[in-house]
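Nothing fancy with the numbering, it's 1 onward along the sequence.
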Amino acid sequence: MRFRSTLRSARQRALTRFPARRVAKLCLAGVALVLVVLIGSDRWIRMAHRKYEYSVDSAPPADVALVFGAEVNSDGSPSGYLAARLDLGRALLAAGKVKALLLTGDNSRPNYDEPTAMRAYLIAHGVPAAKIALDYAGFSTYESCVRAHDIFGVTSAIAVTQDFSLPRTVALCRAAGIDATGVGDATQPHTTIYRKNWLRDQLADTKAVYSMLFHPEPKFRGRHENSVRDAMAADPNG
């Protein structure tokens, strides 16, 4: 009985301190704050970094094309989204816009390897193996950008991804210390999958702003690598 009496007393005090109307106002204020953060992050990234977006033909030259990984099919072939990125990367290389390609993706599981699949696709489409460098620890866009700069020594790059991801990707690259522009793929059909990816990317802008402000440590850093430098210096006909 004493416990029930204490519980009723606690409920009464809580209702006195936090009446339903006040709780509703606090909830609405919380929702409004979340929306301001989400929308504000998205608008800032997209408005501030649109000026760095180019086509293959109009892109200013850079040292490397930084091609970001995406889903690989169960047979090891790149998904349509990833293949489109790779095609842009090889077009930039063929046009002389970049000296090498850095393929960055997820190889966190033994049976899943984005960079190797990306490399195989490019070689099958005529890109010299010597002009390709791989980053197997690109577990996120932010980590790919930080590792490109800190581990591979990239200071000048053209970021290659889908059009809806390009402002965020360029923003993260530039925050990591890379003088980055971007070329985005706009060929994907606007299906349900596209709309889901588009929405997820808008929400990811808030995480991107957090990463740019606080610079969290990548999951895996590793030692400095010379593979990008070697790929840039390699003779494509060698």
Side-chain angles (χ1 to χ4, degrees), residues 52 54 56-57 59-70 72 76-78 82-110 112-161 165-166 169-170 172-185 215 217-238:
Y52 299 112
Y54 295 89
V56 171
D57 292 335
D63 289 341
V64 302
L66 182 55
V67 185
F68 291 80
V72 171
S77 63
L82 183 53
R85 300 179 189 187
L86 295 168
D87 288 339
L88 286 175
R90 66 189 181 95
L92 287 166
L93 184 65
K97 298 290 185 173
V98 296
K99 303 172 186 176
L101 305 178
L102 174 56
L103 314 180
T104 174
D106 186 354
N107 181 213
S108 58
R109 308 187 303 275
Y112 187 76
D113 185 348
E114 290 177 359
T116 297
M118 295 162 74
R119 180 178 184 272
Y121 177 89
L122 287 172
I123 292 174
H125 285 79
V127 176
K131 303 302 290 182
I132 300 172
L134 303 181
D135 177 12
Y136 293 96
F139 303 135
S140 69
T141 304
Y142 168 75
E143 290 172 286
S144 291
C145 295
V146 170
R147 284 178 52 79
H149 180 269
D150 294 355
I151 305 302
F152 294 89
V154 174
T155 57
S156 169
I158 300 175
V160 180
T161 184
S165 297
L166 202 56
T169 303
V170 170
L172 287 168
C173 282
R174 298 187 73 84
I178 300 173
D179 182 14
T181 57
V183 173
D185 165 54
H215 305 284
E217 184 70 10
K219 295 177 184 177
F220 182 80
R221 182 171 286 275
R223 297 177 299 176
H224 182 77
E225 295 191 24
N226 295 323
S227 55
V228 168
R229 184 195 65 186
D230 294 342
M232 289 172 57
D235 182 355
N237 301 314

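Judged as a salt bridge (Lys or Arg N to Asp or Glu O under 4.0 Å), and not counting sequence neighbours, the contacts of R90 are D87. Every residue two or more places apart in sequence or in another chain that forms a ring pair (Phe, Tyr, Trp, His ring centres under 6.0 Å) with H125 is listed here: Y121. Every residue was checked against the salt bridge (Lys or Arg N to Asp or Glu O under 4.0 Å) condition with R85, not counting sequence neighbours, and none meets it. Listed by chain and number, the residues in a side-chain hydrogen bond (donor to acceptor under 3.5 Å, both in side chains) with T181 amount to none (sequence neighbours excluded). Residues that satisfy the salt bridge (Lys or Arg N to Asp or Glu O under 4.0 Å) test with D106, not counting sequence neighbours, are absent from this structure.
The nearest pair of heavy atoms linking C173 to A180 is CB-CB, 3.6 Å. The nearest pair of heavy atoms linking A148 to I178 is CB-CD1, 4.0 Å. Counting all heavy atoms, side chain and backbone alike, L88 lies closest to D185 at CD1-N, 3.5 Å. Residues L166 and A159 share a closest heavy-atom pair of CD1-O, 3.7 Å. The minimum heavy-atom distance between A65 and V98, with the atom names listed, is N-CG1, 3.6 Å. Minimum heavy-atom separation, P218 to V146: CG-CG1, 3.7 Å.
Using a 4.5 Å cut-off on side-chain heavy atoms (C-beta onward), P60 and Y52 make no contact. Looking at heavy atoms from C-beta onward, L122 lies out of side-chain contact with L93 at the 4.5 angstrom threshold. Side-chain contact check for T104 versus L66: some heavy-atom pair is nearer than 4.5 Å. Between F220 and Y136 there is no side-chain heavy-atom pair separated by less than 4.5 Å.
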Let me see the working for I132 and L103 under side chain to side chain contact (heavy atoms under 4.5 Å, CB included), right down to the final yes or no. CA-CA 7 Å; I132 300 172; L103 314 180; 3.5 Å; yes
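Within the model, atoms CG of D135 and CD of E114 stand 11.0 Å from one another, a figure rounded to the nearest 0.5 Å. Taking CG of L102 as the start and CZ of F152 as the end, the distance is 5.5 Å to the nearest 0.5 Å. Atoms CG and CG, from N107 and D113 in turn, are 4.0 Å apart once rounded to the nearest 0.5 Å.
With hydrogens and angles ignored, the 3.5 Å screen pairs no side-chain donor or acceptor of R221 with any backbone N or O of R147. Not a single donor-acceptor pair under 3.5 Å links the side chain of E143 to the backbone N or O of A137. In this structure, Y112 contributes its side chain and V72 its backbone to a donor-acceptor pair below 3.5 Å.
In the displayed structure, K97 atom NZ is contacted under 6.0 Å by more than 12 heavy atoms of other residues, nucleotides or ligands.
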For residues 223-234, please give each side-chain donor-acceptor pair under 3.5 Å, one per line with the distance, not counting sequence neighbours.
| from | atom 1 | to | atom 2 | distance (Å) |
| --- | --- | --- | --- | --- |
| H224 | ND1 | I151 | O | 2.8 |

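For the side-chain contact (heavy atoms from CB on, under 4.5 Å) test with L101, the passing option among V160, V64, V127 is V127; the others fail.
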